[in-house]
Amino acid sequence: MKIKNKLKAGIAATSIMLLSNNALSLDIDPGDYTPLPSGVNLGVLYLQNSERTKLYSNKEVISTNANLKANVSILRGVHYTEFGGKMANIQILLPFASLKTRKDLSALGNSKGMGDPILASALWFNKNPTDANLYGITQYLFVPIGKYSPDRALNIGENRWKYTLQAGYIGKISEKILFDLTGDVTIFGKNSKFSPDRLNLKQDNLYQAQSYLRYKPSASSEIHIGYSKLWSGETTVNNIKQNDQSNQQKIMIGGSKFISDRTQILANISRDTKIDNGLKEDHRFNLRLLHVF
């Protein structure tokens, strides 16, 4: 299906900007809100592959022949400490990505390079690492120094500051069954160099809720299933609202295993079940390698 005329002229505008940013998004993994003792460090490598082929506008499919492939790698360092008598950590995340378009989106070209680094810190309100009822908050600050050019339709960086505040909870149903709940809000700064015309891009707050149900067949392994909902986040370009809220829903399934005392591997596959605007993700495969030192 060819892209309808109403989007032909604006296909490189906000919907494409948002889909390329979503390709770099980092959702939580099950167990992320488990605190570790003060002084412990984590080195984490994420490898992600995703593909999108259907383009939506106002809940309507406007192309089944659009294609965006994304390969993303993220390096993450975490240091656990105490703050005010509570468990806490400090983190840095460095994303790198390669975005490739084909078919109806081929005119947008490709892009690769470093994304916007992320500075993060988590704080737990109960410090016992073995406690099943764990709750805390995490702050993320996205620093706009990733690869960006207003003359490109696809960018790895966003040329704007972003701040996310997230609350997380881990509960225990039985000795082998746990669940994770998180909710967050992202606040966006302004991009004053959006598109070749150097327009002003603003975006409403974006909200996300995520949940996982986990089963532990052994002390070193887990399997999980999850659900995520993303909503709001409408953009405004030069004070003109774009009516482009994503309203995305997706499901995730996967598992993890410690392959040694200090090294864990986690695999996760997900796909969108609903989206109002932008490209619907056919699949995302995430591989995470975590080492404790």
Side-chain angles (χ1 to χ4, degrees), residues 25-38 40-42 44 46 74 76 78-91 93 118-142 162-187 205-233 247-258 264 266-270 273 284 286 288 290 292:
S25 66
L26 176 66
D27 297 325
I28 70 156
D29 290 319
D32 273 2
Y33 270 89
T34 302
L36 297 178
S38 179
V40 170
N41 299 294
L42 300 180
V44 190
Y46 299 87
I74 301 170
R76 186 175 197 169
V78 185
H79 173 71
Y80 287 86
T81 185
E82 287 194 21
F83 180 79
K86 303 294 185 181
M87 290 301 303
N89 69 31
I90 54 176
Q91 310 176 39
L93 296 88
I118 306 166
L119 305 177
S121 179
L123 177 69
W124 282 265
F125 298 107
N126 51 344
K127 61 181 291 185
N128 185 354
T130 64
D131 193 338
N133 292 305
L134 297 164
Y135 46 96
I137 59 171
T138 305
Q139 300 181 83
Y140 302 88
L141 180 65
F142 297 73
K162 285 167 48 177
Y163 170 79
T164 298
L165 179 63
Q166 181 181 82
Y169 174 77
I170 297 179
K172 187 175 182 180
I173 298 175
S174 70
E175 289 300 319
K176 293 190 174 184
I177 303 176
L178 299 93
F179 63 92
D180 304 69
L181 299 173
T182 62
D184 58 62
V185 56
T186 298
I187 301 169
N205 294 348
L206 183 67
Y207 302 91
Q208 185 172 22
Q210 300 175 75
S211 63
Y212 283 100
L213 183 65
R214 292 185 276 149
Y215 173 69
K216 298 174 67 71
S218 69
S220 63
S221 61
E222 290 184 350
I223 56 175
H224 60 261
I225 186 169
Y227 168 81
S228 170
K229 179 177 174 62
L230 194 71
W231 69 97
S232 194
N247 292 330
Q248 174 201 53
Q249 298 182 43
K250 69 178 180 179
I251 55 174
M252 304 85 76
I253 188 168
S256 63
K257 183 174 179 60
F258 274 91
Q264 183 197 53
L266 179 147
N268 196 54
I269 189 166
S270 64
T273 58
R284 179 184 298 194
N286 178 56
R288 187 190 76 181
L290 178 150
V292 182

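Just so you know, these numbers use all the heavy atoms, side chains as well, and skip hydrogens, waters and symmetry mates.
Residues forming a ring pair (Phe, Tyr, Trp, His ring centres under 6.0 Å) with Y169 (at least two apart in sequence, or on another chain): F179. When the side chain to side chain contact (heavy atoms under 4.5 Å, CB included) test is applied to V185, the partners found at least two apart in sequence or on another chain are L165, N205, Y207.
Between Q91 and S121, the side chains place no donor N or O within less than 3.5 Å of an acceptor N or O (distance only, hydrogens not considered). With no hydrogens or angles considered, no side-chain donor-acceptor pair links D180 and Q210 at under 3.5 Å.
Nearest heavy-atom pair across P30 and H224 is CG-ND1, 3.5 Å.
Taking CD1 from I90 and NE2 from H79, the interatomic distance works out to 5.5 Å, rounded to the nearest 0.5 Å. With rounding to the nearest 0.5 Å, the separation of OG in S270 from CD1 in I225 is 12.0 Å.
At least one side-chain heavy atom of Y46 sits under 4.5 Å from a side-chain heavy atom of D29. In this structure, D27 and R284 have side chains that are in contact, with non-hydrogen atoms separated by less than 4.5 Å. Looking at N247 and L230, their side chains never come closer than 4.5 Å, going by heavy atoms from C-beta outward. Using a 4.5 Å cut-off on side-chain heavy atoms (C-beta onward), Q248 and W231 make no contact. No side-chain heavy atom of L178 sits less than 4.5 Å from a side-chain heavy atom of I173. Proximity of R288 to V44: side-chain heavy atoms (C-beta onward) are separated by under 4.5 Å at one or more points.
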Determine all donor-acceptor pairs shorter than 3.5 Å in which one atom belongs to a side chain in residues 134-142; sequence neighbours excluded.
unit_1	atom_1	unit_2	atom_2	d
T138	OG1	Y33	OH	2.8
Q139	OE1	Y163	OH	2.6

